[in-house]
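For this chain, numbers begin at 1 and follow the sequence in order.
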Amino acid sequence: MSIFEQLDDRFKPLVKPTARLDHLYDGCRWAEGPAYFPAHRALVWSDIPNNRILRFDEATNEVGVFRSPAGYTNGHTVDPQGRLVSAEHGARRVTRTEHDGTITVLAEAYDGKRLNSPNDVVVASDGAVYFSDPSYGIEGYYEGFAAEPEQDGQYLFRLDPITGTLSIAADDMQRPNGLAFSTDERVLYVSDTGNKTMRAYDVADDGSLTNSREFAKCTVGGFDGFRLDEQGHIWSSAGDGVHVLHPDGTLLGKVKVPEGVANVAWGGYKRNRLYICATTSLYAVLLPTRGAKTM
């Protein structure tokens with residue numbers, strides 16, 4: 001039985017009907033934020049309630065602990081220099097792990113007030129850091145530490161790569177969450193888990209965001225984390241698996257997963273293995289398409 005559900009003919013060349021869904025690991029409480037390192041053939045991801053970052057070795061299929069405690073990290077990305085950039089619920093900050101293993105704090109406050117709980121993060125090719133800051137990590141003790149929010153809202157932030165200035169990039173979402181650039185970095189897509197939609201913003205030359213519009217609405221559960229392939233299709237988490245959206249917003253098809261999906265990342269030496277963080281488990285599927293370099 002195929003793990004794929006085709007809803008549009010344009011979905012057909014993106015998948016292989018005989019491909020299988022590999023179940024690589026279980027034992028997480030909430031698997032999130034995968035990031036792939038090609039040079040190491042390794043994937044790291046967050047197990048948020050267990051306050052640890054796990055590491056999957058593609059060569060050996062072994063899983064080990066990359067960091068524990070880990071600040072209740074959620075989303076991760078890899079910057080253009082190959083460094084891990086992480087959104088931490090626990091310390092309410094965004095950090096970068098340097099090549100020597102030291103940790104640099106990139107952002108922890110805006111306008112003199114602590115951030116809510118950074119959730120997901122991307123880095124543009126010019127070094128600008130964009131991250132979402134909903135309040136999930138301070139609403140209880142499961143994914144962080146209960147606290148009263150200090151910010152007036154739940155924002156999408158941008159950290160300037162030259163000045164280090166932190167600014168609000170978008171303030172029109174209920175709960176900004178996952179985010180990813182289009183292949184040319186002219187559009188930034190952001191999921192809003194408050195109303196189960198995905199928004200799109202045009203990215204100006206100075207990094208500011210304009211022309212906010214609803215791009216798609218999730219049909220099962222809600223969009224969380226997502227990544228794009230080379231053709232600009234969006235492979236997004238959803239309640240029943242991975243939903244694949246055309247650049248025009250049409251839902252083309254699904255990768256069916258037995259657990260609710262939180263986030264995905266491209267890996268493998270061809271960038272055609274889609275890693276899937278789904279509730280308690282890490283899955284992967286090999287595809288005939290491959291991930292965009294801008295991830």
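Between the N119 side chain and the D133 main chain, no donor and acceptor come within less than 3.5 Å of each other. A donor-acceptor pair under 3.5 Å links the side-chain atoms of D79 to the main chain of Q81, judged by distance alone. Listed for the S132 side chain is no donor-acceptor partner under 3.5 Å among the backbone atoms of G178. At least one donor-acceptor pair under 3.5 Å links the side chain of N116 to the backbone N or O of G153. Panel note: side chain S117, backbone H89; no donor-acceptor pair is recorded below 3.5 Å. In this structure, D8 contributes its side chain and L251 its backbone to no donor-acceptor pair below 3.5 Å. Side-chain N or O atoms of E32 include none that pairs as donor or acceptor with a backbone N or O of I48 at under 3.5 Å. Looking only at distances, a side-chain donor or acceptor of N51 sits under 3.5 Å from a matching main-chain atom of G71.
Qualifying salt bridge (charged side-chain N to carboxylate O under 4.0 Å, His left out) partners for D205, counting only residues two or more places apart in sequence or in other chains: R186.
At a threshold of 4.5 Å between non-hydrogen side-chain atoms, the residues T279 and W30 count as touching. Side chains of N61 and F56 form a contact here, defined as non-hydrogen atoms less than 4.5 Å apart. In this structure, L166 and L115 have side chains that are in contact, with non-hydrogen atoms separated by less than 4.5 Å. Using a 4.5 Å heavy-atom threshold, the side chains of F223 and Y189 count as separate. Annotation: side chain of L286 is not in contact with side chain of K16 (no heavy-atom distance under 4.5 Å). Using a 4.5 Å heavy-atom cutoff, the side chains of M173 and V190 are in contact. Side-chain contact between Q6 and F4 is absent, with no heavy-atom pair separated by less than 4.5 Å. In this structure, D120 and N263 have side chains that are in contact, with non-hydrogen atoms separated by less than 4.5 Å.
Under the 4.5 Å side-chain heavy-atom criterion for ILVMFWY residues, no single connected hydrophobic cluster contains both V121 and Y136. L54 and Y275 fall within the same hydrophobic cluster, defined by Ile, Leu, Val, Met, Phe, Trp and Tyr side-chain heavy atoms under 4.5 Å apart, directly or through other members. Hydrophobic clustering of Ile, Leu, Val, Met, Phe, Trp and Tyr side chains at less than 4.5 Å, counting indirect connections, keeps F145 apart from I138.
Using modelled atom types and a 3.5 Å distance limit, the side chains of R67 and T97 yield a donor-acceptor pair. No side-chain donor from either of Y269 and E58 sits under 3.5 Å from a side-chain acceptor of the other.
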TODO: Start with the C-alpha distance between D202 and R213, add both sets of side-chain angles, then the distance that settles salt bridge (Lys or Arg N to Asp or Glu O under 4.0 Å), and finish with yes or no.
DONE: CA-CA 9 Å; D202 293 338; R213 67 266 190 198; 2.9 Å; yes
Show every donor-acceptor pair shorter than 3.5 Å between a side-chain atom in residues 103-113 and any protein atom, with sequence neighbours excluded, or say none if there are none.
residue	atom	partner	partner atom	Å
T104	OG1	E98	OE2	2.6

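Between W266 and the choices Y36, F37, W235, the ring pair (Phe, Tyr, Trp, His ring centres under 6.0 Å) rule is met once, by W235.
One finds a salt bridge joining R175 and E139 here, because a Lys/Arg side-chain nitrogen approaches an Asp/Glu carboxylate oxygen to under 4.0 Å.
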